[in-house]
Amino acid sequence: MTNQEKIKELLGSHFGYTSFREGQEEAILAALSGEDTLVMLPTGTGKSICYQLTGYCLKGIVLIVSPLLSLMQDQVEQLKMFGEKRVAAINSLMDIKEKEWVLNHLNQYKFIFLSPEMLQQPLLLERFKQLEIGLMAIDEAHCISQWGMDFRLDYLELGTIRKTLNYPLTMALTATATETVRQEILDSLLLDKDKTKQIVYSVDRPNIAFSVVACRRNKEKKLLEKIEQLKKPGIIYFSSKKKADEVTAWLKVETPFAVESYHSDIEGDDKIKIQQQFIQNDIDIICATSAFGMGINKENIRFVIHYHLPASMEAYLQEVGRCGRDGRPSIAILLYEPGDQFLQMRLHEDGLPTPAMLNYAYRNGTVFDGSCSTIQQEIIENYLSSKTPLEEAKAQIMSRELQKKRQLDYMVQYAETTSCKRTHILYYFDETRIEKPLNCCSNCGLDESVYSADQDEFLRNKATTFLNWKKTLNELFLLEN
DNA sequence: CGGCGCGTGTATATACACGCGCCGGTGCCATATT
């Protein structure tokens, strides 16, 4: 039996599917032929099948590096649902006994999920070294580039980890990466460009229309208009937790919809609850920061609105890519007002060490901890302990700052361009628009009624809004008395 | 950025003008504390 026949059969027997989606088969076959792979498939097209099926065909354990605990748990659950028992996530949610047991019985497992931070533990690495590793998968590999330099530094250690594990067969997976970012991923993982098979598909999602709404001190009004009009469910993204909370409270009063906010301050249990309610259609609208969404598999999200300007086109496409997974018409709206970039610039400000901080640290061999943020300290300590020359450290930081600035500039250009928004997005990913969907973008002309709740529903909403208002007023009145 | 809230100061005892500062995202893990 050829590999091709074999994986087709396993697709049915393990996952119950009859055919592959675009790119999956190609990725698996490349990996099975012994090539390291970088797999870039559009958001929501089943990247996990790629490493899972590859794993089933190979001898040895599959290590999956995953960025989030919730993502690991989802994947573990999913595999168990398909009947796989030899699967575990090693993380801080595990109690010590449980962890010990898994580590002592690793050869009974097929799939192990872990974070890059967990992989830094010497004991753990020692165990994995003694194991036959069939495949090492890096899920959401864009995190290397997005987070490695100034948020989760352990993402940059994955190359060293690969080396320690004697360069196991590797598959890196992502939905959004430019040519430059793909190269960054390869370099960071110590993957040879010429020996790594890149399976790259278009980032374009033709069923998503792009719209930019120019605002002038009236974002809230414009937002309300859109919320009342659009088909639900949907996500509104903010770059501020406070603003997300405010708008949530406000929309609860102003509209009849079920609205919840989601960001890093929400307690763990509530986070899970909100996610589940959203997935079960009990919540119409989520007001979220960038904390929300990775690994959200919900088919029927109809819109993604950005109240603030995202930091980069990669981030924007990741967030926008969460709508329309069912292939039905969906819309991505950016509310833009000139000057919006300053919030992002402010967010970046304390992220990287300044030259003065570096000078001090290199002169004294220790971090000046008076005015450094935690992450700045961490970055400096990293440079000191790796004995990176001062000038090189400075150069790296400068180039990261420049990169962030360019990314933001491109978002401003996107917001302001009077030509096709879709073309502009694709250009960033070195693609040209091949076909123009009927509803392309706000500059090509959009039939907004496609995304509107039907007239009946609209009127019903209006009526309920009114009733809600009366109810709220009554309650307030009663409180007053 | 630029708007807003706050405290201070000024011409006159309440109101208004002015300047200043503020505004802020993403998660692992380990360890200490309820």
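Just so it is clear: chains get the letters A, B, ... in the order the sequence lines come, proteins before strands, and each one is counted from 1.
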Engineer: Can you list the steps and then say if Ser261(A) with Ile266(A) is a side chain to side chain contact (heavy atoms under 4.5 Å, CB included)?
Structural biologist: CA-CA 8 Å; Ser261(A) 82; Ile266(A) 305 289; 4.2 Å; yes
Engineer: Enumerate the ring pair (Phe, Tyr, Trp, His ring centres under 6.0 Å) contacts for residues 281-303 of chain A, please, sequence neighbours excluded, ordered by first and then second residue.
Structural biologist: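 Ring pair (Phe, Tyr, Trp, His ring centres under 6.0 Å) check on residues 281-303 of chain A returns Tyr262(A)-Phe292(A), Phe278(A)-Phe292(A).
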Engineer: Give a yes or no on whether Lys298(A) atom NZ has more than 12 heavy-atom contacts from other residues, nucleotides or ligands under 6.0 Å away.
Structural biologist: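 Enclosed: over 12 neighbouring heavy atoms sit under 6.0 Å from NZ of Lys298(A).
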Engineer: Do Glu267(A) and Lys273(A) sit within salt-bridge range, that is, some charged N less than 4.0 Å from a carboxylate O?
Structural biologist: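 No, Glu267(A) and Lys273(A) are not salt-bridged.
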Engineer: Distance check needed: dG25(B) P versus Leu408(A) CG, whole Å only.
Structural biologist: 16 Å
Engineer: Go through the structure and list residues passing ring-ring contact (aromatic ring centres under 6.0 Å, His included) with Tyr237(A), not counting sequence neighbours.
Structural biologist: His306(A)
Engineer: What is the distance, to the nearest angstrom, from the CD atom on Glu378(A) to the P atom on dT26(B)?
Structural biologist: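 Taking atom P of dT26(B) as the reference, CD of Glu378(A) is at 17 Å.
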Engineer: In whole angstrom, give the distance that lies between atom NZ of Lys219(A) and atom P of dC1(B).
Structural biologist: 17 Å
Engineer: Under 3.5 Å for both distances, Watson-Crick or G-U wobble, that's the pair rule; now give the dot-bracket for DNA chain B, with | marking pairs to another strand and [ ] for crossing ones.
Structural biologist: .(((((((((....)))))))))...........
Engineer: Could you state the atom-to-atom distance from CD of Gln146(A) to C1' of dG25(B) in whole Å?
Structural biologist: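 After rounding, the reported distance stands at 11 Å.
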Engineer: Each nucleotide N or O in nucleotides 20-24 of chain B that has a protein N or O under 3.5 Å away: list the pair and distance.
Structural biologist:
unit_1, atom_1, unit_2, atom_2, d
dC23(B), N4, Arg346(A), NH1, 3.4
dC23(B), N4, Arg346(A), NH2, 2.7
dG24(B), O6, Asp350(A), OD2, 3.4
dG24(B), N1, Asp350(A), OD2, 3.0

Engineer: Trp147(A) stacking on dT26(B): centroids under 5.5 Å, ring planes under 30°?
Structural biologist: no
Engineer: Would you call Lys243(A) and Glu246(A) a salt bridge, taking side-chain N to carboxylate O under 4.0 Å as the test?
Structural biologist: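 Looking at Glu246(A) together with Lys243(A), the answer is yes, because their closest N to O distance falls below 4.0 Å.
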Engineer: Hey, is OH on Tyr427(A) packed in by over 12 heavy atoms from elsewhere, all under 6.0 Å?
Structural biologist: no
Engineer: Would you call the rings of Phe151(A) and Trp147(A) parallel, tilted or perpendicular if under 30° counts as parallel and over 60° as perpendicular?
Structural biologist: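 Perpendicular, since the angle between the ring planes exceeds 60°.
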Engineer: If the condition is side-chain hydrogen bond (donor to acceptor under 3.5 Å, both in side chains), which residues does Thr174(A) pass it with, not counting sequence neighbours?
Structural biologist: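 Testing Thr174(A) for side-chain hydrogen bond (donor to acceptor under 3.5 Å, both in side chains), a comparison that skips the adjacent residues, returns His142(A).
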Engineer: Is it true that, when you exclude Ile96(A) itself, more than 12 heavy atoms of the residues, nucleotides or ligands shown sit nearer than 6.0 Å to its CD1?
Structural biologist: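 No - once you tally the heavy atoms of other residues, nucleotides and ligands closer than 6.0 Å, there are 12 at most.
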Engineer: Taking the same atom, P, in dA11(B) and in dA17(B), what whole-Å distance lies between them?
Structural biologist: 13 Å
Engineer: How are the rings of Tyr410(A) and His424(A) set relative to one another: parallel (under 30°), tilted (30 to 60°) or perpendicular (over 60°)?
Structural biologist: parallel
Engineer: Protein-nucleotides 28-31 of chain B N/O pairs closer than 3.5 Å?
Structural biologist:
unit_1, atom_1, unit_2, atom_2, d
dC28(B), OP1, Leu69(A), N, 2.8
dC28(B), O3', Ser115(A), OG, 3.2
dC29(B), OP1, Ser115(A), OG, 3.4
dC29(B), OP2, Ser92(A), N, 3.3
dC29(B), OP2, Ser92(A), OG, 2.5
dC29(B), O3', Gln121(A), NE2, 3.3
dA30(B), OP1, Gln121(A), NE2, 2.0

Engineer: Between Thr289(A) and dT26(B), is there a contact of a side-chain N or O with OP1 or OP2 at under 4.0 Å?
Structural biologist: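 Answer is yes, contact under 4.0 Å.
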